Amino acid sequence: MRIATYNVNGVNGRLPNLLDWLEETRPDAVCLQELKAPDERFPAEAIGKAGYGAVWHGQKAWNGVAILARRCEPLEVRRGLPGDPEDLQSRYIEAAVGGVLVASLYAPNGNPQPGPKFEFKLAWYRRFEAHAADLLATGHPVVLAGDYNIMPTELDVYAPERWTEDALFHPKVREAYARLLAQGWTDALRTRFPGQRVYTFWKYLRNAYERDAGLRIDHLLLSPSVKLLDAGVDRAFRGREKASDHAAVWVEIEALTAAAKPGKTARKRSASP
DNA sequence: ATGCCTTATACAATAAGA
């Protein structure tokens, strides 16, 4: 099963790019971020014609997340991150697709730092950590995919020394990401490419893509019951006409059922007649 | 410190992005 995450930077403004990408890469599930459209303007019909069912959580002008499923309808199980009834920003949606619980998230940017936006980002991550821990405790196969707006390590920034005070690279947000990994989540792209520079975002400014001045801020975190087979970045689409400033990131996975887990269960079964 | 570019909103200029 292939699951991809793509910050489209305007789902209507970049609909032709999105449809091309869907047709050329055919993921089984897709997490979209930055729809920048209210619910009634989500292009459900065009996406349906491309072969994808969808659930979405839009908002006028900014934010907005969606989950698409190839040849089926995603079963929505949550919209909005729990823990703050006053948070009305559309940054989180969750759905079951093909036996996997998939979350599409768009974390706050947090700039300028310091300031209230940075504080909101830190509070949002505290809520996300709490919810991620609950999901992990279920033991279900879970994939948390989206634009985390965090470069986890120096390897994930083209020029780390210039980003130390930025809300995307501040020690406090890198610590939040490290705490997620400490819960037991696997950073799929980093696991697939240990020690290598792999970026998922390039600014529109100063020919950043051509210079490969990139950041790794889009991540897929896998729960222990998800087996990672492969991962990658659909980098070439970033160089196309009218492209998003992000590239899609994907994983090829296998969901492990409880019965297939190694350990006691398997030993018992092999011992029985 | 700011521009560099691009979006949505709404039709000029602003807010936001990262």
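Note that the coordinates shown come from a computational prediction; the quantities given were computed from them, not determined experimentally. By convention in this document, chain letters (A, B, ...) are assigned in the order of the sequence lines, proteins followed by strands, and residues within each chain are numbered from 1.
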Using a cut-off of 4.0 Å on non-hydrogen atoms, how would the nucleic acid contact of A:Y148 be classed: base, sugar-phosphate, or nothing? nothing
Give the rounded distance in Å between these two atoms: CE of A:M151 and P of B:dA18. 11 Å
Answer with base, sugar-phosphate or nothing: what part of the nucleic acid does A:N7 contact at a heavy-atom distance below 4.0 Å? sugar-phosphate
Looking at every strand, decide which applies to A:D245 at a 4.0 Å heavy-atom threshold: base, sugar-phosphate, or nothing. nothing
Look at all strands and tell whether A:R41 reaches a base, only sugar-phosphate, or nothing, counting heavy atoms closer than 4.0 Å. sugar-phosphate
What's the gap between B:dA1 and B:dA10 when it is taken at their C1' atoms, as a whole Å value? 31 Å
Nearest to the side chain of A:Y204 - B:dA18, B:dC4, B:dC5? B:dC5
If the cut-off is 4.0 Å, is A:K36 near the phosphate of B:dT9, judged by side-chain N/O to OP1 or OP2? no
Taking NZ, NE, NH1 and NH2 as the nitrogens, is one of them in A:R235 or A:D212 under 4.0 Å from a carboxylate oxygen of the other? yes
Side chain A:N109 and base B:dA18 donor-acceptor under 3.5 Å: yes
How is A:D147 classified with respect to the nucleic acid when contacts are heavy atoms under 4.0 Å: base, sugar-phosphate, or nothing? sugar-phosphate
Side-chain touch A:V11/A:K36, heavy atoms, less than 4.5 angstrom: no
Hey, are A:E24 and A:R240 close enough for a salt bridge, meaning a charged N less than 4.0 Å from a carboxylate O? yes
Can you tell me, in whole Å, how much space there is between the P of B:dA12 and that of B:dT2? 28 Å
Sugar-phosphate, base or nothing in reach of A:K121, heavy atoms under 4.0 Å: nothing
Check whether any side-chain nitrogen or oxygen of A:K117 sits under 4.0 Å from OP1 or OP2 of B:dA16, and answer yes or no. yes
Any A:R14 side-chain N or O less than 4.0 Å from OP1/OP2 of B:dT7: yes
Identify whether the distance between the nearest side-chain nitrogen and carboxylate oxygen of A:R174 and A:D156 falls below 4.0 Å. no
